[in-house]
Student: 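Sharing a structure with you now.
Remember, predicted model here, so these are calculated numbers, not experimental data.
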Amino acid sequence: MAKYPELSWSIARHKTLMTCARKYAYHYYTSHNGWLHDIDSLSQQTYRLKKITNLEMHFGSIVHDAIEKAVTHYRKTGEMPQEEKMKDFIRRGLNLAYRDSHEREYMWWRRPKGYTMLHEVYYGNQVPDEKITKIRSRLETVLKNFFASPTFRDMLKRQETDLIESEKFRYLRIDGVKVFVVMDLLYYHFDTGKWIIVDWKTGKQTDEDRNQLALYALYVKHTFPVESLDDIVVRNEYLLDGETSEYQLRQEDLDQVQEIFDRSLQEMQRYMEDTEQNAPLPLTAFPMQQDERICASCNYQELCFPSGHV
């Protein structure tokens, strides 16, 4: 059992540190080994809180699962995905999360990885009706936009495209540090000779979306027989508004990801007592976020506020 986690990097880890150093400490250090029964209670508590999700995030996760299963099944069998079956799959996942949160809190408390706890229930006792209405509306929208997307149309061309991988936890090394990536979809188009990286989005567009795709392209360039960056196409499928953003990346895009990584790693090392072991400074050295509007959506409220929540 390693006392400290292995140092790694990802876009998500970088964003967490930039949002709140204390949250970063909880998420990547205090929760380490929290799944063990003989570890200290703070690590166990933090690990449980780390596993909390919210309705929008859980919805996005289930939509990704539904798409991955539908595409993989079609590529293997030739059976067209059915919208109603995908809806039922997503609804069942949402309903299960709702029941887990309300009726199986003790089970989640014992095995947080095996059950779902919604942030809205844990800190607010109930999912607001307006959120439920919004998700119901989004369910109809995202599936219609999925079936209308250029990526889905490409997936139908089984003789023209080769599905390389989807939803796999991968990494590359940059300057000796593991950098994790999870591509929603990577496929090769025989007619164009392009490697196409796809990221499904069930939320709004952000400025960081392109950087995330550039990181994926860096992984593909390191891992597969890609002769030139010109052979890689990156694509965001925004399922909420039905837009597709496709980019032909330049070397400058990869250089920007490298710069983000370099600055981010330097910031992470500021909070290390021992860089060789990835041992953090004491928790008090990680400053708390001062904007309680940001804290209101955080999983770790009960560790930061005397009342247990914002």
Side-chain angles (χ1 to χ4, degrees), residues 4-21 23-25 27-29 32 64 151 164-189 192-201 203-238 244-281 285-287:
Y4 304 109
E6 180 183 14
L7 176 64
S8 62
W9 191 86
S10 66
I11 292 288
R13 183 169 183 149
H14 167 70
K15 287 169 64 177
T16 300
L17 179 57
M18 295 301 100
T19 300
C20 175
K23 178 180 180 179
Y24 171 79
H27 201 84
Y28 293 101
Y29 289 106
H32 181 60
H64 276 72
T151 299
I164 306 299
E165 62 180 54
S166 62
E167 301 289 353
K168 301 297 183 183
F169 205 67
R170 306 297 193 194
Y171 72 87
L172 70 156
R173 288 190 181 273
I174 300 179
D175 299 336
V177 177
K178 276 187 180 179
V179 175
F180 286 104
V181 299
V182 184
M183 292 181 293
D184 292 343
L185 189 65
L186 171 66
Y187 66 96
Y188 181 78
H189 202 293
T192 63
K194 300 289 187 181
W195 299 77
I196 302 172
I197 302 168
V198 179
D199 201 31
W200 305 104
K201 295 291 186 184
K204 296 179 180 179
Q205 301 184 30
T206 72
D207 294 337
E208 290 149 349
D209 294 345
R210 183 164 177 150
N211 287 333
Q212 186 177 39
L213 287 171
L215 178 61
Y216 295 166
L218 190 61
Y219 165 79
V220 170
K221 195 167 181 288
H222 274 74
T223 308
F224 297 97
V226 180
E227 294 184 4
S228 166
L229 192 57
D230 292 337
D231 296 332
I232 300 175
V233 174
V234 294
R235 181 187 298 157
N236 277 128
E237 295 281 16
Y238 294 103
T244 299
S245 294
E246 189 170 287
Y247 312 104
Q248 185 69 63
L249 295 174
R250 306 179 303 274
Q251 184 60 44
E252 290 83 356
D253 294 298
L254 302 191
D255 292 342
Q256 181 169 319
V257 170
Q258 179 73 48
E259 289 175 12
I260 293 171
F261 168 82
D262 291 339
R263 293 196 306 269
S264 183
L265 189 62
Q266 288 179 1
E267 185 69 11
M268 289 174 183
Q269 289 172 338
R270 285 184 53 227
Y271 294 105
M272 293 181 196
E273 191 170 68
D274 185 327
T275 55
E276 291 295 321
Q277 296 189 67
N278 191 31
L281 292 168
F286 293 79

Student: Taking salt bridge (charged side-chain N to carboxylate O under 4.0 Å, His left out) as the cut-off, I'd like each qualifying pair that reaches into residues 215-234, sequence neighbours left out, listed once.
Tutor: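 Sorted pair list comes back empty.
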
Student: With sequence neighbours left out, write down each residue that passes side chain to side chain contact (heavy atoms under 4.5 Å, CB included) with Arg170, or none if nothing qualifies.
Tutor: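 Side chain to side chain contact (heavy atoms under 4.5 Å, CB included) check on Arg170 returns Glu165, Lys168, Val181, Tyr219.
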
Student: Does anything in residues 208-218 form a salt bridge (charged side-chain N to carboxylate O under 4.0 Å, His left out)? List the pairs, not counting sequence neighbours.
Tutor: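 Listed once each, the pairs are Lys15-Glu208, Lys201-Asp209, Arg210-Asp253.
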
Student: How close do Gly193 and Tyr188 get, counting heavy atoms only, and between which atoms?
Tutor: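 Shortest heavy-atom contact: CA-OH, 3.4 Å.
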
Student: Using atom types as modelled and distance alone, determine if a side-chain donor or acceptor of Glu237 lies under 3.5 Å from a backbone N or O of Thr151.
Tutor: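 Confirmed, Glu237 side chain pairs with Thr151 backbone.
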
Student: Going by ring pair (Phe, Tyr, Trp, His ring centres under 6.0 Å), name the pairs with one or both residues in residues 164-184, residues two or more places apart or in two chains.
Tutor: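 Passing the test, one end in residues 164-184: Phe169-Phe180, Tyr171-Phe180.
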
Student: Considering non-hydrogen atoms only, spot the tightest contact between Pro287 and Cys20 and give its length.
Tutor: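 Scanning both residues, the minimum pair turns out to be O-SG, 4.2 Å.
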
Student: Restricting to non-hydrogen atoms, name the atom on Pro5 and the atom on Asn278 that form the minimum distance, rounded to 0.1 Å.
Tutor: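 For Pro5 versus Asn278, the nearest heavy atoms are O-ND2, 2.8 Å.
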
Student: Say you draw a straight line from CG of Asn211 to CG of Leu254; how long is it, rounded to the nearest 0.5 Å?
Tutor: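 The distance works out to 10.5 Å.
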
Student: Measuring from Ser10:OG to Lys178:NZ, what's the distance to the nearest 0.5 Å?
Tutor: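 Rounded to the nearest 0.5 Å, the OG-NZ separation comes out at 13.0 Å.
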
Student: Counting heavy atoms not belonging to Glu276, are there more than 12 under 6.0 Å from its CD?
Tutor: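 No.
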
Student: Suppose the criterion is side-chain hydrogen bond (donor to acceptor under 3.5 Å, both in side chains): which pairs have a residue in residues 261-271, not counting sequence neighbours?
Tutor: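 Pairs touching residues 261-271 that pass the test: Trp9-Ser264, His14-Ser264, Gln258-Asp262, Glu267-Arg270.
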
Student: Between Asp184 and Glu167, does a side-chain contact (heavy atoms from CB on, under 4.5 Å) hold up when you go through it step by step?
Tutor: CA-CA 5 Å; Asp184 292 343; Glu167 301 289 353; 3.3 Å; yes

Student: Can you name the residues that form a side-chain hydrogen bond (donor to acceptor under 3.5 Å, both in side chains) with Glu273, not counting sequence neighbours?
Tutor: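 Applying side-chain hydrogen bond (donor to acceptor under 3.5 Å, both in side chains) to Glu273 gives none.
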
Student: With sequence neighbours left out, what residues match Thr19 under side-chain hydrogen bond (donor to acceptor under 3.5 Å, both in side chains)?
Tutor: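 Once residues adjacent in sequence are excluded, Thr19 has no partner under the side-chain hydrogen bond (donor to acceptor under 3.5 Å, both in side chains) criterion.
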
Student: Does His32 have any side-chain hydrogen bond (donor to acceptor under 3.5 Å, both in side chains) partners at least two apart in sequence or in another chain, and if so, which?
Tutor: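 Once residues adjacent in sequence are excluded, His32 has no partner under the side-chain hydrogen bond (donor to acceptor under 3.5 Å, both in side chains) criterion.
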
Student: Tell me, please, which residues at least two apart from Glu246 pass salt bridge (Lys or Arg N to Asp or Glu O under 4.0 Å).
Tutor: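 Listed in chain order: Arg235.
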
Student: Using 0.5 Å steps for rounding, measure from the CG atom of Leu213 to the CG atom of Leu218.
Tutor: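 Answer for the CG-CG pair, Leu213 versus Leu218, is 12.5 Å.
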
Student: For Asp274, enumerate each residue passing the side-chain hydrogen bond (donor to acceptor under 3.5 Å, both in side chains) test, keeping only those at least two apart in sequence or located in another chain.
Tutor: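 Asp274 satisfies side-chain hydrogen bond (donor to acceptor under 3.5 Å, both in side chains) with Gln277 once adjacent residues are dropped.
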
Student: Under the salt bridge (Lys or Arg N to Asp or Glu O under 4.0 Å) rule, collect the residues that match up with Lys23, sequence neighbours excluded.
Tutor: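 Checked Lys23 against salt bridge (Lys or Arg N to Asp or Glu O under 4.0 Å); zero matches.
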
Student: For the side-chain contact (heavy atoms from CB on, under 4.5 Å) test, which of Tyr187, Tyr247, Tyr216 pairs with Ile197?
Tutor: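 Per the side-chain contact (heavy atoms from CB on, under 4.5 Å) rule, the option paired with Ile197 is Tyr216, out of Tyr187, Tyr247, Tyr216.
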
Student: Could you list the residues that satisfy side chain to side chain contact (heavy atoms under 4.5 Å, CB included) with His189, not counting sequence neighbours?
Tutor: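 In terms of side chain to side chain contact (heavy atoms under 4.5 Å, CB included), with neighbours along the sequence ignored, His189 is linked to Asp154, Glu160, Thr161, Asp191, Thr192, Ile196.
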
Student: Compare all side-chain heavy atoms of Tyr238 with those of Ser245 and state whether any distance is below 4.5 angstrom.
Tutor: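 The answer is yes, as the side chains (C-beta and beyond) meet within the 4.5 Å cut-off.
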
Student: Give a yes or no answer on whether the side chain of Gln248 reaches the backbone of Leu229 with a donor-acceptor pair at less than 3.5 Å.
Tutor: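 Pair found, side chain donor or acceptor close to backbone of Leu229.
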
Student: In Å, rounded to the nearest 0.5 Å, how long is the span from CD1 of Ile174 to CZ of Phe261?
Tutor: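 Rounded to the nearest 0.5 Å, the CD1-CZ separation comes out at 5.5 Å.
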
Student: For the atom pair CG (Leu215) and CD1 (Ile260), what is the distance rounded to the nearest 0.5 Å?
Tutor: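 So the gap between those two atoms works out to 9.5 Å.
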
Student: If you define the side chain from C-beta out and look only at heavy atoms, does anything of Arg13 sit under 4.5 Å from Leu7?
Tutor: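 Side chain of Arg13 against side chain of Leu7, heavy atoms only: contact under 4.5 Å found.
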
